[in-house]
Amino acid sequence: MANTDGTATDSTTVAALQAALTEVLKKDLPELTPETRLFGDLALDSTSVIELLMALEDTLGLVVDPDELTPDVFETVGALTAYIDGCLDAAEPAH
Amino acid sequence: MAAAHHPAPAGGFTARLKTALVGDPTARFVYLNNFEVERVWGQGEPRLPGTGLSFSSATVNRIEEVGVLLADEHDAVVLKDAVDPGYAAYLRALGAAEGRHLTVDRNDPGRSVTLDALDSPRLLAALRELADGRTHLMPLGISADEERLAEAAGLPLAGPSAAICKQVNGKVFSRELIDAAGLTQVPGTVCRTLAELRAALAEHPPAPGSPVVVKESLGVSGRGMVVLEDAQRAERLLRMLARRTAEDGPVQVVVERWIDKRADLNYQFVVGRDGTVGFETVKTALTENGVHRGHLFPPALRPEQVEELRGAAEVIGKELAAAGYFGLVGVDALLAADDTLYPCLEINARFNMATYQNRIAERLVPAGSCALATTFDLKPGRPYSFDELRAALGGLLLDRADGDRADGDREPRGVLINNFATLNATVLADGKPYGRLYAICVGDDEADVRRTRDRAQTLLTEMVATP
């Protein structure tokens with residue numbers, strides 16, 4: 001979900017991430033902070049990554065390049081939202 | 001299994017393996033335990049997005065230490081790092097690890113043992129010195145990396161070419177093999193293009209309570225897959241792939257109905273160089289969401305079910321031999337909730353965790369007892385020594401082959417640690433508190449070994465809570 005000026009805000013991304021994680025993990029989540037660890041705190045596992053990407057691509061309209069992904073991207077909520085925002089910015093045409 | 005308390009007889013697992021693969025039960029094997037060889041087989045193949053990530057590579061790359069349990073006295077094992085001295089002494093006292101250990105020059109936690117070995121002039125020189133015409137490199141599975149290492153070490157591989165291994169390890173290959181052989185097959189299909197996947201998901205639509213699983217042909221076990229629980233998720237997957245490839249673009253997956261199970265099973269057999277098939281073991285495989293968590297043996301199967309699996313092994317083994325493969329084969333099977341036995345969900349033409357239990361089980365899991373091969377996921381804040389673990393487990397540690405029970409029962413009982421390096425691998429690599437121990441709990445029956453496991457989990461969790 002991008003704003004009218006074409007850039008996603010952090011809060012939009014975090015909300016989309018919260019919805020995607022809730023769906024993938026099938027449980028209510030605590031409030032996410034940038035420091036929340038996806039594997040350590042939320043118990044995401046490696047088999048769920050593709051589902052998480054499927055959900056994020058659909059809701060945010062981004063396309064992740066799997067060759068660019070590194071495990072660090074999934075370390076914390078902050079790392080993943082920064083990566084997503086980077087993808088959304090890169091997808092915007094230059095003004 | 002009368003040999004439980006004695007060195008393996010000439011007819012033990014390793015002697016059978018050597019006879020089948022190189023024609024000499026006393027040949028020397030240099031074991032190279034390259035876990036996740038599928039990563040190399042899968043390079044350059046079409047993937048499902050995000051499945052190629054490795055989140056615990058430092059730990060996974062140290063599972064290779066489990067290979068010390070296969071080595072007979074004259075064998076050798078290539079290791080990424082030296083075995084903890086206390087752990088080495090423990091295994092030696094049990095007669096569980098008798099071979100020579102050869103370590104790489106520099107352990108790079110992010111690299112496979114094979115890549116470390118290729119970058120190790122000192123190790124390669126030591127391996128070349130072993131070449132005597134009856135010494136063979138015995139990897140977990142053979143990819144192009146192991147072919148390069150065999151050449152650099154001047155040792156022949158105890159197996160076929162990487163190209164053959166890659167071919168027969170594909171899930172597309174095994175599905176087509178099972179179809180052609182007429183064995184009971186899980187409903188599903190193979191897909192080589194996006195259009196074929198679209199058609200397969202239309203033919204086998206997922207619905208709530210009736211999921212469908214899409215597996216990469218050469219995905220890492222339990223990881224290169226996605227379970228689709230409803231039509232919306234199927235559409236999502238198709239949209240995700242359509243953003244990346246055309247309808248006739250390459251996809252290499254199998255689509256299968258998710259079968260409600262009574263038990264996952266894993267059986268092993270050896271296909272000899274002459275095409276003969278030797279059945280080894282069948283165990284209950286413990287899985288969560290398709291991810292391997294351990295084994296329980298003996299499995300709760302009726303004799304005719306075991307016979308059916310033995311028959312399937314013969315059929316599959318003959319087909320693998322016809323494709324040029326010889327070596328160890330592990331097959332995942334499934335006993336459905338409705339009692340249907342599906343004898344092949346997946347062929348792994350390589351060693352698997354069960355293989356590394358074979359030699360030690362001949363010594364320490366006597367007939368009439370029960371074994372639970374399991375993992376303990378722990379959060380160590382610092383590296384721990386094996387001696388600390390020994391103190392933490394106390395009498396629960398299986399540390400005597402002849403047992404020590406006061407009631408006069410001399411059978412071995414307790415927790416046998418079969419991989420220690422994975423406890424500290426990630427802490428040592430990057431300071432993160434994720435560790436794993438592999439163990440085999442030996443006891444009287446399933447309830448007994450599960451109690452033992454629970455007690456050990458408590459004691460180990462307390463251990464890593466001590467600063």
J.: Can you measure from CD1 (A:I50) to OG1 (B:T51) and round to the nearest 0.5 angstrom?
T.: 6.0 Å

J.: Side chain, backbone, both or neither: which part of B:R236 has a heavy atom under 4.5 Å from chain A?
T.: both

J.: In plain terms, say whether B:R243 and A:D58 are close enough for a salt bridge, that is, a side-chain N and a carboxylate O under 4.0 Å apart.
T.: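 Counted as a salt bridge, because a side-chain N and a carboxylate O are separated by less than 4.0 Å.
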
J.: Is B:R47 in contact with chain A via its backbone, its side chain, both, or neither, using a 4.5 Å heavy-atom distance?
T.: neither

J.: Is the shortest heavy-atom distance from the side chain of A:M54 to the side chain of B:E235 under 4.5 Å?
T.: no

J.: Does any non-hydrogen side-chain atom of B:L53 lie less than 4.5 Å from one of A:V73?
T.: no

J.: Side chain from CB out, backbone as N, CA, C, O: work out which of these in A:E68 comes under 4.5 Å of a heavy atom of chain B, or both, or neither.
T.: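 Neither part; nothing is under 4.5 Å.
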
J.: Would A:E51 and B:R233 count as a salt bridge (Lys or Arg N to Asp or Glu O under 4.0 Å) if you check the C-alpha gap in whole Å, the side-chain angles of each, and the deciding distance to 0.1 Å?
T.: CA-CA 8 Å; A:E51 279 190 79; B:R233 284 185 171 82; 3.6 Å; yes

J.: With a 4.5 angstrom heavy-atom cut-off, could you sort out which part of A:V63 is near chain B: side chain, backbone, both or neither?
T.: both

J.: So A:K26 and B:E229, side chain to side chain contact (heavy atoms under 4.5 Å, CB included) or not? Walk me through it.
T.: CA-CA 12 Å; A:K26 301 182 189 71; B:E229 292 172 330; 3.1 Å; yes

J.: Would B:V227 and A:T47 count as a side chain to side chain contact (heavy atoms under 4.5 Å, CB included) if you check the C-alpha gap in whole Å, the side-chain angles of each, and the deciding distance to 0.1 Å?
T.: CA-CA 9 Å; B:V227 178; A:T47 56; over 6 Å; no

J.: Can you tell me which portion of A:T70 sits under 4.5 Å from chain B's heavy atoms? Options are side chain, backbone, both or neither.
T.: backbone

